[in-house]
Q: 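What follows is a single structure, and I will ask about it in a moment.
Quick note: residue numbers are just sequence positions, from 1.
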Amino acid sequence: MLAQIYKPSLSLLTDLYQLTMAYGYWKLGVHDHQAVFHLHFRKNPFSGGYTLACGLADVVEYLEALRFDDDDIAFLGTLKGNDQQPLFDSAFLKYLRQFRFSCDVDAIPEGTVVFPHEPLVRVRGPMLQCQLLETPLLNLVNFQTLIATKASRVCLAARGDPVVEYGLRRAQGVDGSLTATRCAYIGGCMGTSSVLAAKLLAIPVRGTHAHSWVMSFPTETEAFAAYAQAMPNNCVFLVDTYNTLQGIRHAAAIGKRLKAEGHRMVGIRLDSGDLAYLSIEGRKILDEAGLPDAKIMASNDLDETLIESLKHQGAKIDIWGVGTHLVTAYDQPALGGVYKLGAVRSDGDSPWEYKVKLSESVAKTSIPGIQQVRRFSVGGQFIGDAIYDEPTGLTSPATIVDPRDMYRFKTIGAEAQSEDLLVAVYRGGKRVYDPPTIHESRKRGLEQVQHLHPTIRRFANPHEYPAGLDRGLNELRTRLILKARGAEA
């Protein structure tokens, strides 16, 4: 989708400090030293029990086109330091013009449930190249993972009812709307109101009329009749322009007329008021009119909490239109993903030197190594994830240690099945992975959530899924922390 909206080169989609660090590496002659970086987040969004990975398809598309073109180089050549001299040497700009991506990239597929501290993306290669990827990868993965997770929660609350993403008019700009629609679909929504997104993504589009249609006619009944005459195969009548229950009766009368003419009214939409009461009473009106198959759709600033409440109240709502709270991640506008260095070495034959970043906050102390995630399951239910150092391997028996508290751990029994989550995406700058279609990623997301224990899926005080460090990696991290603190003392 990136190439359909933007110019081919997005190499300047970065923060300046990435380029200044790249320049520093180049000037010191260490730009080809090897490094490993990991992209992860520290806390599940929305106070939830899980997160749904998203954004990898756009990462692949970005990397496929990663070049500095003449316009990019020309712009960088205009930048100056505080002495008004060029910020970058011309030789460095020439180096960038000849830049060709050559890293290894491993990532967790879209639609996979993931948890704090797990690497969603791992990049290994020349230090300069790894560094340049920090900002764009965070930009592409953070927001998409956030929205996919929100959509998944909304769809869980709907309990299998169709959810349509309605957020175009309230989204954060053109790109924000298109990206949010994509992620909402992967998270479980069945369609969108956005025609452009439907075209670009090949997903279902839904919508009928607004209040202005009703207001433009002398009466509500005339408005519904006129719409039915114009589009008898697309009649979902918005019934709350004046008096909602009376509007439902007017819609039912037109629905009966459509039925007599060999057509079918799809249903009605409620966009205000007491949705539980109005849907219950509306269902009675539609059924009494001989329209039991007419659907009731609801909108009006819905989110997972309100949908769950309406379900508990016995609301007779069949389809949910969710907009603002979904596409803006209204209650938590950022995931907070980070990109941290795990290991370095001077060349391909040298041993890796593992790195750790300290912090006064335990959650911000980084994890060293070349990380992989092993997921364990029993009887089709996910029971725990261990982040381990890939060259060292997983300890036996596998023991998952909470990275915030080493005295909290879980040992995995021998009966558990397991799989590694990070898959090879690039090797030496060459793509070795074909991203699944958006429909396949949506299917994966819906299935993955069902492998979690129900207590992890609940919205209020969810049970904490056991995801943490392999015992061996935890011991390595502890040694490096103590060594670093001793060096800084």
Side-chain angles (χ1 to χ4, degrees), residues 17-18 21-22 24-26 28-42 59 63 101-108 114 116-138 141 337-359 362-374 385-395 400-401 403 406 420-429 467-488:
Y17 79 85
Q18 310 293 3
M21 284 190 287
Y25 293 138
W26 175 84
L28 295 173
V30 298
H31 55 289
D32 283 331
H33 284 198
Q34 300 290 296
V36 181
F37 283 81
H38 304 92
L39 187 159
H40 70 274
F41 60 94
R42 298 184 177 119
V59 167
L63 294 175
F101 178 65
S102 62
C103 292
D104 293 347
V105 177
D106 297 80
I108 295 178
V114 289
H117 309 291
E118 297 180 346
L120 306 190
V121 183
R122 184 182 76 196
V123 182
R124 174 168 47 188
M127 174 68 82
L128 181 150
Q129 295 192 28
C130 293
Q131 190 68 67
L132 286 178
L133 295 184
E134 177 177 4
T135 298
L137 293 193
L138 288 170
V141 172
V338 294
Y339 184 83
K340 296 300 179 184
L341 179 67
V344 296
R345 63 182 180 182
S346 58
D347 57 57
D349 297 321
S350 302
W352 287 104
E353 180 184 352
Y354 288 173
K355 295 290 184 177
V356 66
K357 170 196 169 292
L358 302 187
S359 174
V362 175
K364 289 191 173 184
T365 299
S366 69
I367 301 170
I370 303 171
Q371 299 163 28
Q372 174 63 274
V373 183
R374 179 75 53 87
D385 291 2
I387 305 166
Y388 70 95
D389 177 49
E390 193 170 70
T392 304
L394 200 68
T395 54
I400 301 168
V401 182
M406 69 176 66
D420 285 345
L421 298 187
L422 288 160
V423 300
V425 180
Y426 280 85
R427 287 294 178 263
L469 307 184
D470 164 64
R471 183 175 71 248
L473 180 56
N474 182 66
E475 292 170 354
L476 168 64
R477 183 188 189 221
T478 301
R479 291 196 302 270
L480 290 177
I481 290 172
L482 293 174
K483 180 180 177 182
R485 285 180 174 163
E488 294 298 318

Q: Are H40 and Q371 packed together at the side-chain level, in the sense that at least one heavy-atom pair is separated by less than 4.5 angstrom?
A: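 No - every pair of side-chain heavy atoms lies 4.5 Å or more apart.
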Q: Tell me the closest heavy-atom pair linking A343 and W352, and the distance in Å.
A: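 Result for this residue pair: CB-CE3, 3.7 Å.
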Q: Please check this pair: side chain of R124 against backbone of D104, looking for a donor-acceptor N/O pair closer than 3.5 Å.
A: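 The answer is no, because no donor-acceptor pair under 3.5 Å joins these two groups.
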Q: Quick one: OH on Y25 to CG on L128, what's the gap to the nearest 0.5 Å?
A: 8.5 Å
Q: With a 4.5 Å heavy-atom cut-off, do D106 and R427 have their side chains touching?
A: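 A side-chain contact under 4.5 Å exists here.
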Q: What are the two closest non-hydrogen atoms of V123 and C130, and how far apart are they?
A: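 Smallest interatomic distance, heavy atoms only, reads CG1-SG, 3.8 Å.
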Q: Say you draw a straight line from CG of L422 to CZ of R122; how long is it, rounded to the nearest 0.5 Å?
A: 6.0 Å
Q: Sort out for me which residue in V425, L39, V141 forms a side-chain contact (heavy atoms from CB on, under 4.5 Å) with V59.
A: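 Only one of V425, L39, V141 forms a side-chain contact (heavy atoms from CB on, under 4.5 Å) with V59, namely V141.
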Q: Out of curiosity, T478 OG1 to K483 NZ, how far, rounded to the nearest 0.5 Å?
A: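 These two atoms lie 14.5 Å from each other.
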Q: Report yes if some heavy atom in the side chain of V338 is under 4.5 Å from a heavy atom in the side chain of R42; otherwise report no.
A: yes
Q: If you apply the rule side chain to side chain contact (heavy atoms under 4.5 Å, CB included), what do you find for L421 with D385, and how did you get there?
A: CA-CA 9 Å; L421 298 187; D385 291 2; 4.2 Å; yes
Q: Between Y354 and L473, is the side chain to side chain contact (heavy atoms under 4.5 Å, CB included) condition met? List the steps.
A: CA-CA 11 Å; Y354 288 173; L473 180 56; over 6 Å; no
Q: Just by distance, do the side chain of D470 and the backbone of T395 share a donor-acceptor pair under 3.5 Å?
A: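 Yes; at least one donor-acceptor contact below 3.5 Å.
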Q: Under a 4.5 Å cut-off applied to non-hydrogen side-chain atoms, are Q34 and S346 in contact?
A: no
Q: Please test K355 against K357 for side chain to side chain contact (heavy atoms under 4.5 Å, CB included), starting from the C-alpha separation and ending with a verdict.
A: CA-CA 7 Å; K355 295 290 184 177; K357 170 196 169 292; over 6 Å; no
Q: Would you give the length of the straight line joining atom OG of S366 to atom CG of L341, rounded to the nearest 0.5 angstrom?
A: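 S366 OG to L341 CG: 8.0 Å, rounded to 0.5 Å.
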Q: Please find the pair of heavy atoms, one from S350 and one from R345, that lie closest to each other, and give the distance.
A: O-CD, 3.1 Å
Q: Can you name the one residue among I387, I400, D420 that meets side-chain contact (heavy atoms from CB on, under 4.5 Å) with R374?
A: D420
Q: With the side chain counted from C-beta on, respond yes when H33 and V344 share a heavy-atom pair under 4.5 Å apart, and no when they do not.
A: no
Q: Identify the two heavy atoms, one from G369 and one from V36, that lie closest to each other, and give their separation to 0.1 Å.
A: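 In terms of heavy atoms, the two residues are closest at O-CG1, 4.3 Å.
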Q: Would you indicate whether the side-chain heavy atoms of R477 and I481 approach each other to under 4.5 Å?
A: yes
Q: In Å and rounded to the nearest 0.5 Å, what is the OG1 to CD distance from T392 to Q372?
A: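 Rounded to the nearest 0.5 Å, the OG1-CD separation comes to 13.0 Å.
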Q: Indicate the ring-plane relationship of F37 and Y339, choosing parallel, tilted or perpendicular according to the 30° and 60° boundaries.
A: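 Aromatic pair F37/Y339 classed parallel.
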Q: Rounded to the nearest 0.5 Å, what separation is found between the OG1 atom of T365 and the CG atom of L358?
A: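 Here the interatomic distance stands at 6.0 Å.
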Q: Carefully, step by step, assess K340 and H38 under the rule side chain to side chain contact (heavy atoms under 4.5 Å, CB included).
A: CA-CA 5 Å; K340 296 300 179 184; H38 304 92; 5.8 Å; no
Q: Main chain of G125, side chain of Q129: is a donor-acceptor contact present, judged purely on distance under 3.5 Å?
A: no
